[in-house]
Amino acid sequence: MTAYFEALANQDLDAIAAAWAPDGVMSVLGDEATGPDGLRAYWAEFFGATPDLRFEVQDIVAEGDQVAVHWAAKGTFAGPNSFQGIEPTFSRLDLAGLDIFHLRDGLIVREHAYTDGSEFARQIGMLPPAGSTAEQRVTRAFNGQAKLKRRALCADPERIAEGVWIVRGGFPLKMMNVYLLEDASGGVTMFEAGIKAMVSGLQAAASSLGGLNRIVLGHAHADHRGAAPGLKVPTFVHPEDRVDAEGDGGIHYVDLSKVPPPARWTIPRLLPVWDGGPVEIAGTVDEGDDVSGFRVVHIPGHSPGQIALWRESDRLALTADCFYTLDPHTSRHGPPRVPLDGFNFDTEQARASIRKIAALEPAAAWPGHADAVTGDVRAQLERAAAET
């Protein structure tokens, strides 16, 4: 490797190319160059932008066909050529890095080059100096935009009970509810997964509570599984919804002819935006199973395998789309009601499931959208099952 770095120090393109196997690949700062010709072109461009660049090996460690080289390099970003579209700034460069080489028959077959790209950007003037007033202004502006973007799609977690948080998402009304449940071993279980745009916000919320362990879907519909594929943790669902979670999200039984305007027109356009696609299901949960201190209650109707989570100690129910407290026509909040017939697998079964939750006599019932039902929850749910 000493000879290779001497070739770099001398900007000897022939010797650099000769060091590489025909299928060799160099990876550096997200870019790749392949084979002797690719490496020749990469270094020709770099040297054309830094004509006085000189490498110096600081240390070499070798084991078999693997070699690690700690290097330093100094020069001037003076051109006349640009580098990767960046015009020369006549700035002095003082760089360092660590490269890991894999050899075969004395030739390089793989190089992973690790260097500080942000330091390079600072030295050529693309980024302000570290700790400078300019950097502080850039950081504040970036953080402000990041917070606005995150909060536009996903609110910060809000504690609603012991060991239970709600994260509200969806633009602009934040009517998609996702619940984070404290696990005894640390971190949280997510009940429901909202929509695709909530991925980063849900990841941040779960991370702030110790990390995300798993997802349990209340049911397989697009606006409840949407973020699950992007969160990349084991995901569970009731057996009756497994095929739909891994498939079309239950859209095969939705009957939009039964959905009044404007939802009949808007929902088909929103579903592809909300949905993260099929979910890889790690396992299933069924009636009576324990989920983070809650008992699974099977409440079919809106979907075949919809579930609620019930905690006896404080009479808290997390009910997915067992009922709505949001009028899907006007987006206004209101008393609980049966989900729209056109979205249900079996509306009469959905009414029976509302009565099943009512019979538990919850102190609070939190749905998949909008607000909780509190007060005389049983009476409100029985009225919804009978009259809506």
Do you reckon [X] sits in the same ILVMFWY cluster as [Y], going by side-chain contacts under 4.5 Å, direct or chained?
{"X": "V216", "Y": "F294", "answer": "yes"}
{"X": "V69", "Y": "Y42", "answer": "yes"}
{"X": "L181", "Y": "V178", "answer": "no"}
{"X": "V338", "Y": "W366", "answer": "no"}
{"X": "M176", "Y": "L212", "answer": "yes"}

Looking at [X] and [Y], would you say the former's side chain and the latter's main chain have a donor-acceptor pair under 3.5 Å?
{"X": "E32", "Y": "V25", "value": "no"}
{"X": "R242", "Y": "V237", "value": "no"}
{"X": "N344", "Y": "P339", "value": "yes"}
{"X": "E192", "Y": "Y179", "value": "no"}
{"X": "T319", "Y": "A308", "value": "no"}
{"X": "Q123", "Y": "S91", "value": "no"}

If you count every heavy atom of other residues, nucleotides or ligands that lies below 6.0 Å from [X] atom [atom1], does the total exceed 12?
{"X": "E280", "atom1": "CD", "result": "no"}
{"X": "D31", "atom1": "CG", "result": "yes"}
{"X": "E63", "atom1": "CD", "result": "no"}

Let me confirm one number: the [atom1]-[atom2] distance from [X] to [Y], rounded to the nearest 0.5 Å.
{"X": "T50", "Y": "F83", "atom1": "OG1", "atom2": "CZ", "value": "8.0 Å"}
{"X": "L326", "Y": "N177", "atom1": "CG", "atom2": "CG", "value": "9.5 Å"}
{"X": "L217", "Y": "D241", "atom1": "CG", "atom2": "CG", "value": "8.5 Å"}
{"X": "T235", "Y": "M190", "atom1": "OG1", "atom2": "CE", "value": "9.5 Å"}
{"X": "I195", "Y": "L270", "atom1": "CD1", "atom2": "CG", "value": "8.5 Å"}
{"X": "T388", "Y": "L340", "atom1": "OG1", "atom2": "CG", "value": "10.0 Å"}

In terms of relative ring orientation, are [X] and [Y] parallel, tilted or perpendicular, with 30° and 60° separating the classes?
{"X": "H219", "Y": "H221", "answer": "perpendicular"}
{"X": "F345", "Y": "Y253", "answer": "perpendicular"}
{"X": "H238", "Y": "H298", "answer": "parallel"}

Nearest heavy-atom pair of [X] and [Y]: which atoms, and what distance?
{"X": "R92", "Y": "D52", "answer": "NH1-OD2, 3.4 Å"}
{"X": "W165", "Y": "P157", "answer": "CB-CB, 4.1 Å"}
{"X": "T325", "Y": "H369", "answer": "OG1-O, 3.5 Å"}
{"X": "A320", "Y": "I307", "answer": "CB-O, 3.7 Å"}
{"X": "A96", "Y": "T115", "answer": "O-OG1, 2.8 Å"}
{"X": "P51", "Y": "T76", "answer": "CD-O, 3.9 Å"}

(Q) Please identify which of these residues, T189, D290, V291, meets the side-chain contact (heavy atoms from CB on, under 4.5 Å) condition with L309. (A)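 Exactly one pass, corresponding to V291.
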Q: Before giving the answer on side chain to side chain contact (heavy atoms under 4.5 Å, CB included), spell out for Q203 and C154 the whole-Å C-alpha distance, their side-chain angles and the decisive distance to 0.1 Å.
A: CA-CA 10 Å; Q203 187 69 69; C154 212; over 6 Å; no
Salt-bridge test for [X] and [Y]: reply yes if a basic N is under 4.0 Å from a carboxylate O, no otherwise.
{"X": "K356", "Y": "E287", "answer": "yes"}
{"X": "R122", "Y": "E135", "answer": "yes"}
{"X": "R40", "Y": "D14", "answer": "yes"}
{"X": "R225", "Y": "E246", "answer": "no"}
{"X": "R104", "Y": "D23", "answer": "yes"}
{"X": "D65", "Y": "R110", "answer": "no"}

Q: Compute the ring centroids of W43 and F55, then answer whether they are less than 6.0 Å apart.
A: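 Yes; F55 has its ring centre under 6.0 Å from that of W43.
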Do the side chains of [Y] and [X] get nearer than 4.5 Å, heavy atoms only?
{"X": "V254", "Y": "L271", "answer": "no"}
{"X": "R311", "Y": "V164", "answer": "yes"}
{"X": "Q380", "Y": "F323", "answer": "no"}
{"X": "I16", "Y": "Y4", "answer": "yes"}
{"X": "L256", "Y": "P268", "answer": "yes"}
{"X": "F47", "Y": "N81", "answer": "no"}
{"X": "M175", "Y": "R168", "answer": "no"}
{"X": "L103", "Y": "I108", "answer": "yes"}

Q: Could you check V297 against R295 for side chain to side chain contact (heavy atoms under 4.5 Å, CB included), going step by step and ending with a plain yes or no?
A: CA-CA 6 Å; V297 181; R295 176 167 61 86; 3.9 Å; yes
Q) Who pairs with P239 by side chain to side chain contact (heavy atoms under 4.5 Å, CB included), at least two apart in sequence or on another chain? A)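 Listed in chain order: T284, D286.
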Q. For E87, which residues count as a salt bridge (charged side-chain N to carboxylate O under 4.0 Å, His left out) partner, sequence neighbours excluded?
A. none
Q. Checking side chain to side chain contact (heavy atoms under 4.5 Å, CB included) for the pair M26/D99: CA distance, chi angles, key distance, verdict?
A. CA-CA 10 Å; M26 179 182 73; D99 293 6; over 6 Å; no
**Q.** Intermediate values then yes/no, side chain to side chain contact (heavy atoms under 4.5 Å, CB included), W310 and I357
**A.** CA-CA 9 Å; W310 166 249; I357 294 296; over 6 Å; no
